[in-house]
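Here the structure comes first, spelled out in structure tokens, and everything after it is commentary.
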Amino acid sequence: YYKEMVEQPRYLSFLEVLELTYQITAGIASAHEAGVIHRDIKPENIILCPMVPGASQQFFYVKIIDFGLALWVEGTQSDRLTQYALESLGSPPYKSPEQSSRAGDAHTFATDVYALGILFYEMIERTQAPSSHHRFYFSRYEEALVWERTDIPTTFRNLVEQMVQK
């Protein structure tokens with residue numbers, strides 16, 4: 001599982017981070033191209049599947065699961081994929097402020113981009129993102145994320161920060 005991989009006692013290498021972020025982003029991009037907003041991106045909904053069972057090296061592909069809160073968007077109107085689409089559901093550490101506002105029609109693809117930014121930050125730093133946002137749900141992060149790792153390129157860190165900023 002993704003969660004087990006990122007909770008290892010060692011940091012993931014930048015190449016491992018790139019592989020994971022690429023595959024996760026590609027999966028969410030495919031959903032977005034089909035007009036689907038996932039709305040519940042979190043570690044538990046990312047599964048790593050072995051490409052070759054029993055292989056000595058860890059070759060895997062990513063599966064994104066649990067589209068139970070997903071929203072299908074067609075043109076400017078949105079339709080629910082589930083009966084709960086207008087409720088403020090999801091996992092608080094990964095919910096965008098729009099998602100927490102209880103305004104189902106305000107959900108956009110940016111909802112998933114925000115959750116991906118939090119997920120990627122936590123993958124890199126092996127710590128939860130600052131929780132000040134989670135207490136209020138009114139705005140995206142106003143302050144920069146705290147980066148301890150120096151082996152992650154500044155451009156990549158800036159990209160992750162842009163994903164969670166206003």
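We're numbering straight along the sequence, starting at 1. In this text the structure is predicted, and so the values were computed from the model without any measurement.
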* Provide the closest heavy-atom pair for Thr21 versus Met123 in the form atom of the first, atom of the second, distance. => CG2-CE, 3.9 Å

* Asked: Is Val146 reachable from Tyr114 through a run of I, L, V, M, F, W or Y residues, each pair having side-chain heavy atoms under 4.5 Å apart?
  -> yes

* Structure fact -> When rounded to the nearest 0.5 Å, the distance separating CD1 of Ile28 from CG of Asp112 is 5.0 Å

* To do: May I ask you to decide if Ile124's main-chain N or O and Arg149's side chain share a donor-acceptor pair within less than 3.5 Å?
  => yes

* Do any pairs count as a ring pair (Phe, Tyr, Trp, His ring centres under 6.0 Å) and have a residue in residues 12-36, sequence neighbours left out, and if so which ones? -> Phe14-Phe156, His32-Phe109

* Asked: Is the backbone N or O of Leu12 less than 3.5 Å from a side-chain atom of Arg126, with the two atoms forming a donor-acceptor pair by type?
  -> no

* **Residues that Thr155 engages under side chain to side chain contact (heavy atoms under 4.5 Å, CB included), provided they are two or more places apart** => Pro153

* Asked: Roughly how far apart are Arg10 CZ and Glu16 CD, rounded to 0.5 Å?
  -> 4.0 Å

* Asked: Considering only heavy atoms from C-beta outward, does the side chain of Leu48 approach that of Val62 to under 4.5 Å?
  -> yes

* Could you tell me the separation between the CE atom of Met163 and the CG atom of Leu116, rounded to the nearest 0.5 Å? => 4.5 Å

* To do: Indicate if Val17 and Leu145 have the same hydrophobic cluster label, given that clusters are the connected sets of ILVMFWY residues with side-chain heavy-atom separations under 4.5 angstrom.
  => yes

* Structure fact -> Interatomic distance, CD@Glu122 vs NZ@Lys42, rounded to 0.5 Å, equals 12.5 Å

* For Asn45 and Asp40, indicate whether the former's side chain and the latter's backbone hold a donor-acceptor pair under 3.5 Å. => yes

* State, with a plain yes or no, whether a side-chain heavy atom of Val160 is found less than 4.5 Å away from one of Trp147. => yes

* Which pair of heavy atoms, one from Cys49 and one from Lys63, lies closest together, and at what distance? -> SG-CD, 3.6 Å

* Value rounded to 0.5 Å, distance of OH in Tyr121 from CZ in Arg157 -> 11.0 Å

* Looking at side-chain heavy atoms only, is the closest gap between Phe60 and Glu19 below 4.5 Å? -> yes

* Asked: Considering only heavy atoms from C-beta outward, does the side chain of Phe67 approach that of Val36 to under 4.5 Å?
  -> yes

* Structure fact -> side-chain contact (heavy atoms from CB on, under 4.5 Å) test vs Ile41 passes for just one of Leu119, Val113, Ile118, Leu69, namely Leu119

* Return yes if some donor-acceptor pair links the side-chain N/O of Arg39 with the main-chain N/O of Thr111 below 3.5 Å, else return no. => no

* Asked: Is there side-chain contact between Glu148 and Thr127, with heavy atoms separated by less than 4.5 Å?
  -> no

